[in-house]
Amino acid sequence: MMAKQLEEKFGFDSEARTQALKTATYAVMHLVVAMAVAYALSGSWKIALGIGLIEPAVQTVAYTLHERVWKRAAARRGQLDEGSQGEAPRPLPADLSGDIRPATG
């Protein structure tokens, strides 16, 4: 019943629910692994809990920045490839948060 309400209210389809569940379970797994490693190194559950809560958040921000750098680099490589063929290079997209797809036509 809740799944149907989510789909009606937010437009979540089966694939979106699966992706959300996958993301949530990965976050829990990341937390457990980070805490286990921190406990193994420190022997303190308090330190392990602190690191386990902070490290995944920092890692998420770092991953987002990493992805943006790679998307920007891919866009620039596409520009250089076109420019080397005697064509005018395309301007970089203002928003690199979405998928970058090759130009057609």
Who pairs with W45 by side chain to side chain donor-acceptor pair (under 3.5 Å), at least two apart in sequence or on another chain? none
May I ask you to list the residues sharing a hydrophobic cluster with V58, side-chain cutoff 4.5 Å, ordered by chain and number? I54
Minimum heavy-atom separation for A34 to G52, with atom names? CB-CA, 4.0 Å
Could you state the interatomic distance from CZ (R68) to OH (Y63), rounded to the nearest 0.5 Å? 12.5 Å
To the nearest 0.5 Å, what is the distance between CD (Q59) and NE2 (H66)? 10.0 Å
Rounded at 0.5 Å granularity, tell me how far CG in L41 sits from CD1 in I51. 8.0 Å
Kindly give the heavy-atom pair with the smallest separation between A48 and A38, and that separation in Å. CA-CB, 3.6 Å
Contact list for residues 19-37, test side chain to side chain donor-acceptor pair (under 3.5 Å), sequence neighbours left out: H30-E55
Which residues pass the side-chain contact (heavy atoms from CB on, under 4.5 Å) test with L53, not counting sequence neighbours? L31, L49
In the hydrophobic cluster built from side-chain contacts under 4.5 Å, what are the other members alongside L21? none
Qualifying side chain to side chain donor-acceptor pair (under 3.5 Å) pairs, either residue in residues 34-43, two or more places apart: none
